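Taking it in order: structure first as structure tokens, then the write-up.
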Amino acid sequence: MTPDPSSRTAVNYLNVDYGVRSWLLTKDHKRIGFLYLVSITVMFAIGGLAALAIRLDLLTPAGDLMGDDTYNKMFTMHGVAMVFFFLVPSIPAVLGNFLIPLMIGARDLAFPRLNLASWYIFILGGGITLYAVLTGGVDTGWTFYTPYSTEGSNTNVTSAALGVFVSGFSSILTGLNFLVTIHRMRAPGLRWLRLPLFVWAQYATSIIFILGTPVIAITVLLVAVERSLDIGIFDPALGGDPILFQHLFWFYSHPAVYIMILPAMGVVSEIIPCFTRNKIFGYKFIAVSSLAIALLGFLVWGHHMFVSGQSVNASLIFSFLSFAVAIPSAVKVFNWTATLYKGSIGFEAPMLYALGFIGLFTIGGLTGLFLASLGLDVHVHDTYFVVAHFHYIMVGGAVMGYLGGLHFWWPKISGKLYPEWLARVSAVIIFLGFNLTFFPQFVLGYLGMPRRYHVYPPEFQVLNVFSTAGASILGFGYLLPIVYFAWSMRYGKVASANPWNAAGLEWATPSPPPPDNFAETPVVEDDPYGYTRIDPGEELQVA
Amino acid sequence: MPDSHAASVPHAHHHGHDSHAGHAGHAVAHQFDDAEQQFGAATLGMWIFLLTEVMFFGAILAAYAIYFVTYVDPFEDASNHLSLALGALNTVILLTSSLTMARAVHAAQTADARTQVRWLVRTLALGAAFLVIKAFEYGSKFEEGLVPGIGFRYDGPGAAQHELFLSFYFALTGLHALHMIIGIGVLLVLVWMARRGRFSAAYFTPVEMSGLYWHFVDLVWIFLFPMLYLLGRH
Amino acid sequence: MSQHVVVPVALYQRIFVTLIVLTVVTVAVALVDLGEWNAVVALSIASLKASLVALYFMGLRWGDRMTRVAVLVALAGVALLFGASLNDDLTRESKTYLPAELRPEMLDFSVQGLDGLTPEVAPPPAPPPAAAPDTAHGAAH
């Protein structure tokens with residue numbers, strides 16, 4: 001299984017066929033992953049520009065940049081684009097699509113046509129949502145809370161909700177495809193306890209996709225129907241219960257947080273052993289904790305509703321279970337840390353992102369415990385403390401993991417090397433910019449600045465200026481990878497099959513991989529992460 | 001770890017030959033090793049899809065259950081707006097269509113192409129009959145002014161809760177009817193495929209998978225019928 | 001791995017007859033007043049019928065392990081959805097979305113000197129003793 005050095009010029013998934021048609025009708029999981037990469041980057045840019053507008057507006061206490069209606073539409077656009085069209089599909093649809101068949105030694109996913117269909121459905125959902133945004137916007141926030149979304153708002157809630165509804169089917173099909181593929185198409189010898197942890201994480205994520213997504217789909221559909229046909233499901237005038245909407249909404253949307261973070265954890269579990277040259281510590285614990293997080297993730301949604309009028313009894317149970325999620329999360333953090341111990345740690349860009357992930361995820365997770373406490377939550381509910389907390393998880397966690405994974409597997413995806421030095425610089429810029437943006441928001445929230453407000457008292461201005469300054473640094477940091485990844489596609493140095501000396505089946509095939517992934521079906525005889533310590537003084541040869 | 005793992009891998013025996021052609025009957029898609037793996041993937045995929053359907057209907061039924069325990073009496077009264085006879089008739093029709101669908105699958109398994117088409121067509125006809133009756137039911141609700149949103153005219157006691165109940169009635173039966181329409185479309189394709197001799201004793205996965213879907217839609221109705229039609233008959 | 005199981009037609013027919021009989025039974029029972037038990041009986045019969053369809057028509061009885069796991073996961077998911085949202089609803093002290101007549105705690109407002117906090121709702125004069133939310137008869141405006 002040693003890769004043939006001449007394989008670069010051989011047929012691979014990128015050069016096997018040319019032209020727009022060959023891409024738009026492809027059934028190759030690698031090409032579909034690439035299509036997703038381009039589409040979610042566009043959505044990320046849209047959501048990012050909205051974020052930048054929000055931060056610029058908050059530079060002054062009076063909010064001089066835009067009116068309050070525009071401001072509401074901006075944060076809604078930011079939330080909808082980032083949550084439903086960037087974070088949820090990010091790692092699963094791009095890296096998962098690309099890597100799962102490679103990692104399990106399969107020629108493709110189980111249902112390639114369904115896979116392509118999922119991308120088209122995603123594009124359709126994204127198109128409908130963009131239409132809603134461009135023809136007047138939505139001002140409900142990404143949560144579409146009733147009764148405001150059904151009766152109060154006079155913006156394009158219906159089409160935005162339909163866009164979310166449609167894109168949900170894309171998630172469902174992706175999750176279904178992954179589950180069947182992981183169950184039925186593993187290479188000979190690839191038992192469950194030999195699966196890479198990235199695959200375990202994707203498996204857990206897929207379970208959430210298929211269990212949770214149908215619920216949000218029907219819920220936003222009911223909102224759209226209630227708005228357009230005037231039939232009442234959540235309408236208090238008919239005796240309907242708006243809190244019921246929140247139950248159904250968070251039944252999906254809390255587990256959706258784990259859709260975002262679990263795959264990032266999977267990425268980190270791959271990067272850390274590679275750049276410490278250590279076997280991963282506690283493989284089984286990390287694998288099982290992914291499933292435990294997926295399971296517990298379904299039992300805690302009510303912690304979003306402590307001040308909604310939910311019963312005290314329910315709040316108590318949800319609060320307790322929310323604390324329980326800390327256990328499998330901490331199991332992962334401790335195991336990663338233990339993997340670092342006595343490792344030959346290299347500080348290549350993927351590793352910088354992975355290390356950043358561990359620290360930022362830990363802060364995000366621990367502040368989550370503040371919010372899971374019934375008493376404290378009353379104080380910080382709907383303040384910038386919450387905003388900071390979930391951005392530490394979603395941006396500090398999920399986006400860091402996504403970028404780390406993108407750098408780690410970029411040689412495999414593109415067949416080219418990205419400029420390592422520039423990548424390290426941008427990783428540091430992103431880390432600093434992120435903390436400058438969001439750490440002040442913890443303080444702001446604790447001092448009582450509510451979220452989703454267009455104006456604020458002047459005493460909060462200093463911290464807001466810090467945050468806005470950080471956001472521009474962060475935005476610049478995000479631009480760099482987009483530029484040098486695109487640059488490297490054409491001008492980057494050619495990557496070998498295994499530039500990182502990494503373990504795993506995906507590195508045992510040429511970069512970029514041939515259309516059918518493997519010249520012959522690999523047979524797995526060892527446990528994963530068979531890294532051997534580098535002797536002191538010996539340098540790891542990159543590329 | 002011990003290396004005696006070959007037996008624990010279900011499809012270990014089928015690897016090693018990477019030529020994808022040369023199978024009897026239907027060709028195996030290139031990503032699969034053999035027909036057995038392909039059928040296993042299709043079955044698991046279908047059941048997972050049905051799982052998502054359960055959650056889809058489960059969410060709206062959970063909402064319905066909450067309102068039912070909150071408004072027992074108005075909901076029981078409102079349930080009497082529905083026609084018990086038509087609901088029961090439709091239940092019998094759908095159950096019968098499940099039987100005919102099962103027999104279509106049976107005919108496919110025993111490679112009886114003509115019988116298979118016959119049972120598929122019967123299933124199709126029963127599905128269409130269900131939709132026609134449903135359409136009559138909807139029509140009479142419309143005439144009686146019982147359609148929420150479009151001229152809801154009932155103003156007896158608990159009118160608001162009656163409207164809530166009927167909102168659920170239309171949402172639930174509407175979603176179910178949509179599934180029926182999709183199912184009929186699938187059956188049409190199956191009849192077309194069967195007529196063109198696409199199925200054989202070795203390959204009839206689409207028939208089996210569509211059968212699962214059809215039975216599931218029947219299964220949903222089995223719950224909808226008592227939950228909507230039978231609440232207030234005592 | 002999955003395999004095709006050819007089920008004798010006679011078994012399908014027996015299941016079908018059972019389903020029809022159960023349909024008749026459920027309609028008949030619905031016409032008898034059993035109080036709260038009507039709903040319980042109706043749902044039990046529906047579950048029985050659904051199980052027969054799943055086990056025999058859908059072949060779950062002969063299905064492989066993963067199929068059963070998928071079904072169990074679906075049932076657990078629905079149970080969670082029902083259980084947790086019903087738990088909140090049934091243990092809520094104050095259902096603020098209900099009309100005032102259906103909210104027993106609204107009747108105490110004048111006693112506690114809290115009237116005026118909810119100016120749009122006038123508490124009904126005579127508190128009926130057994131006005132629990134789920135037995136509120138004829139919830140009229």
Side-chain angles (χ1 to χ4, degrees), chain A residues 101 106-112 114 172 175-177 179-181 183-191 193-194 209-219 221-222 225-226 228-235 237-241 244-245 247-248 251-252 516 518-521 523 525-527, chain B residues 1 3 5-6 8-18 20 29-33 37-38 40-46 48-49 51-60 62-64 66-67 70-71 74 147-150 152 158-168 170-171 174-175:
Chain A
R107 286 182 286 276
D108 205 321
L109 289 172
F111 308 114
L114 217 53
I172 291 174
L176 188 155
N177 223 336
L179 286 178
V180 174
T181 306
H183 266 286
R184 296 289 197 226
M185 304 185 69
R186 281 168 284 133
L190 191 55
R191 290 173 297 179
L193 288 180
R194 286 177 173 173
F209 270 144
I210 59 158
L211 275 179
T213 318
V215 176
I216 186 87
I218 187 76
T219 309
L221 183 67
L222 287 175
V225 167
E226 181 162 343
S228 47
L229 301 183
D230 209 25
I231 75 168
I233 301 283
F234 307 112
D235 181 0
L238 303 182
D241 180 5
L244 179 59
F245 169 84
H247 275 301
L248 295 177
F251 182 88
Y252 163 80
D516 259 358
F518 298 95
E520 55 184 88
T521 306
V523 178
E525 278 157 4
D526 299 307
D527 291 341
Chain B
M1 288 200 179
D3 225 355
H5 57 267
S8 68
V9 180
H11 45 275
H13 304 294
H14 312 299
H15 277 269
H17 58 91
D18 273 328
H20 313 134
H30 83 110
Q31 70 271 27
F32 296 113
D33 294 324
Q37 191 189 28
Q38 175 158 322
T43 312
L44 182 59
M46 193 64 205
I48 292 176
F49 170 72
L51 186 162
T52 68
E53 289 274 27
V54 170
M55 295 307 293
F56 194 71
F57 280 100
I60 180 165
Y64 177 77
I66 284 185
Y67 289 140
T70 311
Y71 307 116
V147 184
I150 330 169
F152 188 79
Q161 281 74 35
H162 279 237
E163 192 173 348
L164 192 62
F165 174 87
L166 284 155
S167 292
F168 271 101
F170 279 102
L175 273 178

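This structure is a prediction, so every number in the text was calculated from the model and none was measured. Here is the naming used below: chain letters follow the sequence lines, and residue numbers restart at 1 for every chain.
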*Could you tell me which of B:Phe152, B:Phe57, B:Phe168, B:Phe170 has the largest number of non-hydrogen atom pairs under 4.5 Å with chain A?*
B:Phe168
*Among B:Pro148, B:Ala59, B:Ser167, single out the residue with the greatest number of heavy-atom pairs under 4.5 Å to chain A.*
B:Ser167
Counting heavy-atom pairs closer than 4.5 Å to chain B, which one of [options] comes out on top?
options                      : value
A:Leu176, A:Thr219, A:Val225 : A:Leu176
A:Asp108, A:Leu221, A:Ile218 : A:Ile218
A:Gly175, A:Pro214, A:Gly212 : A:Pro214

*By a 4.5 Å heavy-atom criterion (distance strictly below it), what part of B:Leu164 contacts chain A: side chain, backbone, both, or neither?*
both
*Go through the atoms of B:Leu166 and report whether side chain, backbone, both or neither lie under 4.5 Å from a heavy atom of chain A.*
neither
Which value, rounded to the nearest 0.5 Å, describes the distance between [X] atom [atom1] and [Y] atom [atom2]?
X        : Y        : atom1 : atom2 : value
B:Gln38  : A:Arg184 : CD    : CZ    : 13.0 Å
A:Met185 : A:Thr521 : CE    : OG1   : 10.0 Å
B:Ile66  : A:Leu244 : CD1   : CG    : 4.5 Å
B:Gln161 : B:Glu163 : CD    : CD    : 10.0 Å

*Report the relative orientation of the aromatic rings in A:Phe111 and B:Phe32; use parallel for angles under 30°, tilted for 30 to 60°, perpendicular for over 60°.*
perpendicular
*Note: A:Arg107-B:Asp33 ion pair, threshold 4.0 Å (strictly below)*: yes
*Contact check, side chains of B:Ile60 and A:Leu222, non-hydrogen atoms, under 4.5 Å*: yes
Measure distances from [X] to the heavy atoms of chain B and classify the residue's part below 4.5 Å as side chain, backbone, both or neither.
X        : value
A:Ile210 : both
A:Pro101 : neither
A:Ile233 : both
A:Ala106 : neither
A:Leu211 : both
A:Phe245 : neither
A:Asn177 : neither

_When you measure from the side chain of B:Tyr71 to the backbone of B:His162, do you find a donor-acceptor pair of N or O atoms at a distance under 3.5 Å?_
no
*Take A:Leu114 and B:Phe49 through the test side-chain contact (heavy atoms from CB on, under 4.5 Å) and record every step on the way to the result.*
CA-CA 12 Å; A:Leu114 217 53; B:Phe49 170 72; over 6 Å; no
